[in-house]
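A short write-up of the structure that comes next.
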Amino acid sequence: MAKEGDTSPDKASGLDMLKEQLAGFAEAQGQRLVDKAGEKISDLAQGLGDVGEGNSTLLNVGKRVLGGGESPVKAFLSEKAGDLKDKAVDTVKGFFGGGGKAGDTKVTNIVEVIDIGMPLRTVYDRWTQLEEFSSFTKGVKSVTQSDEIESDWKLKVAFSNRSWKATVQEQIPDERIVWNSEGGKGTTRGAISFHELTPELTRIVAVVEYYPSGFFEKTGNIWRAQGRRLRLDLKHFQRYATLTDNEDLEGWRGEIRDGEVVRTHEEGLEDDEDQDEGDEEDQEAEDQDEEDEDEEVSEDLEDEPEEDDEDAEYEEEDEGGEEEE
């Protein structure tokens with residue numbers, strides 16, 4: 001029996017074989033990793049030819065591997081993460097109109113209709129009193145008219161103040177008003193028309209195109225807040241026009257075509273007076289015709305008693321004949 005601690009030839013040869021096998025395994029694994037890295041680099045080198053077609057990700061990966069010494073897998077994952085982040089940012093910007101091409105701003109089309117239980121002229125004249133809008137609308141702080149065509153509006157949007165300059169392009173009394181407005185946070189194009197349903201009922205139709213450019217405006221544009229704001233303001237105007245004393249009301253009666261005044265307020269009032277006089281004459285003529293018809297009917301009725309007398313004579317004769325029998 002061999003003593004403890006002795007190294008026999010058999011044991012020594014077994015250890016040597018184990019060491020050789022372990023070294024061979026490590027060398028094989030190392031070569032395998034090297035080969036895999038080489039394949040990754042080859043794939044990157046082959047993909048670099050696609051850069052001209054817009055594949056900038058592979059180019060950036062190649063720079064990270066060859067210049068920065070990063071592993072191919074880490075560099076690839078980092079670039080992909082960056083691409084996903086950029087796409088997410090672009091998507092969010094798209095909601096607010098940013099990051100897109102020129103002219104990509106989303107336009108909001110608004111159409112609102114409301115009926116007011118007042119005569120057509122009263123409703124129109126009340127609408128032309130622009131400086132009164134701040135007294136019944138919620139967002140309008142003040143309106144200042146510089147002339148018949150242009151007016152300056154100050155509004156409050158959320159916690160911010162906004163200024164707009166409105167320009168009337170067309171205005172025809174009792175029919176329609178067409179305008180556009182420009183401000184630092186958006187522009188609008190709009191038209192409002194007035195329609196007589198009955199002598200005491202008027203319909204207003206408002207059509208607006210809204211182009212937002214401010215943060216609050218674009219955020220509200222997603223939820224169609226501008227349409228709800230216009231709808232609410234029209235209801236405020238309905239209440240204001242219905243409950244306000246309109247006895248001494250005098251609206252602007254001029255006419256605007258292509259952004260220019262073609263008939264002044266005074267001329268409009270004169271035309272209205274002529275029209276009223278013509279309507280009165282027509283009404284008098286109609287009343288006279290009705291009176292003439294009534295007289296003719298009365299004359300016809302006056303002739304009827306004679307027929308009644310004849311009928312009475314026939315009845316008396318018949319009664320006399322019966323008595324004789």
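- Looking at every heavy atom in both residues, Val178 comes nearest to Ala191 through CG2-CB, 4.0 Å.
- From Tyr211, atom OH reaches atom CZ of Arg189 across 5.5 Å, with rounding to the nearest 0.5 Å.
- Closest non-hydrogen pair, His236 versus Lys138, comes out as CD2-N, 4.5 Å.
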> Going through the distances and angles, do Ile114 and Phe237 end up as a side-chain contact (heavy atoms from CB on, under 4.5 Å)?
Replying inline: CA-CA 10 Å; Ile114 193 168; Phe237 176 76; over 6 Å; no

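- Across Leu230 and Ala206, no two heavy atoms sit closer than the pair CD2-CB, 4.3 Å.
- The side chain to side chain contact (heavy atoms under 4.5 Å, CB included) check on Glu132 picks up Gln129, Ser135, Tyr240, with sequence neighbours excluded.
- Within 6.0 Å of NZ on Lys235 lie no more than 12 heavy atoms contributed by other residues, nucleotides or ligands.
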>> One pair to check against side-chain contact (heavy atoms from CB on, under 4.5 Å): His265 and Glu250. What are the steps and the verdict?
In response: CA-CA 10 Å; His265 172 63; Glu250 181 179 310; 2.9 Å; yes

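- Between Ser193 atom OG and Glu175 atom CD the span is 10.0 Å, to the nearest 0.5 Å.
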>> Run the ring-ring contact (aromatic ring centres under 6.0 Å, His included) test on Tyr124 and Trp252 for me, step by step, so that the C-alpha distance in whole Å, both residues' side-chain angles and the decisive distance to 0.1 Å come before the verdict.
In response: CA-CA 9 Å; Tyr124 173 82; Trp252 193 75; 8.7 Å; no

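- Listed by chain and residue number, Met118, Pro119, Asn246, Leu249 satisfy the side chain to side chain contact (heavy atoms under 4.5 Å, CB included) test with Thr122 (two or more places apart in sequence, or in another chain).
- In this structure, Phe133 is a member of the same hydrophobic cluster as Ile110, with clusters built from ILVMFWY side-chain heavy atoms closer than 4.5 Å.
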>> Please evaluate residues Glu170 and Ile256 with respect to the criterion side-chain contact (heavy atoms from CB on, under 4.5 Å), reporting the C-alpha separation (whole Å), side-chain torsions for both, the decisive distance (0.1 Å), and the verdict.
In response: CA-CA 5 Å; Glu170 182 179 9; Ile256 298 173; 5.7 Å; no

> What's the verdict on side-chain contact (heavy atoms from CB on, under 4.5 Å) for Ile204 and Ile192, showing C-alpha distance, side-chain angles and the deciding distance?
Replying inline: CA-CA 7 Å; Ile204 291 180; Ile192 184 167; 3.4 Å; yes

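- Other residues, nucleotides and ligands place no more than 12 heavy atoms under 6.0 Å from the CD atom of Glu182.
- Around the CG atom of Asp147, the shell of radius 6.0 Å holds more than 12 heavy atoms that belong to other residues, nucleotides or ligands.
- Applying the under-4.5 Å side-chain rule to Ile, Leu, Val, Met, Phe, Trp and Tyr, the cluster around Val207 extends to Val111, Val113, Val205.
- In the hydrophobic clustering of ILVMFWY residues, with side-chain heavy atoms under 4.5 Å counting as a link, Leu201 and Val123 come out apart.
- Taken together through direct or relayed side-chain contacts under 4.5 Å among Ile, Leu, Val, Met, Phe, Trp and Tyr, Val262 and Ile149 form parts of separate hydrophobic clusters.
- In this structure, CZ in Arg263 is found 9.0 Å from CD1 in Ile172, a value given to the nearest 0.5 Å.
- Sorted by first then second residue, the side-chain hydrogen bond (donor to acceptor under 3.5 Å, both in side chains) pairs that include residues 199-208, not counting sequence neighbours, are Asp115-Arg203.
- Take Val140 and apply the side chain to side chain contact (heavy atoms under 4.5 Å, CB included) test, not counting sequence neighbours, and it matches Ser134, Thr137, Val143, Trp153, Leu155.
- In this structure, CD on Glu255 lies 13.5 Å from CD on Glu148, to the nearest 0.5 angstrom.
- Between atom CG of residue Leu197 and atom CG of residue Leu120 there is a gap of 9.5 Å, rounded to the nearest 0.5 Å.
- In the hydrophobic clustering of ILVMFWY residues, with side-chain heavy atoms under 4.5 Å counting as a link, Leu130 and Leu234 come out together.
- Rounding to the nearest 0.5 Å gives a distance of 13.0 Å between CG of Asp152 and CH2 of Trp164.
- Here the side chains of Asn180 and Thr187 are not in contact, with every heavy-atom distance at 4.5 Å or above.
- Crowding of Glu260 atom CD: a count of heavy atoms from other residues, nucleotides or ligands under 6.0 Å not exceeding 12.
- Proximity of Phe136 to Thr244: side-chain heavy atoms (C-beta onward) are nowhere separated by under 4.5 Å.
- Considering only residues two or more places apart in sequence or on other chains, Asp272 meets the salt bridge (charged side-chain N to carboxylate O under 4.0 Å, His left out) condition with Arg121, Arg253.
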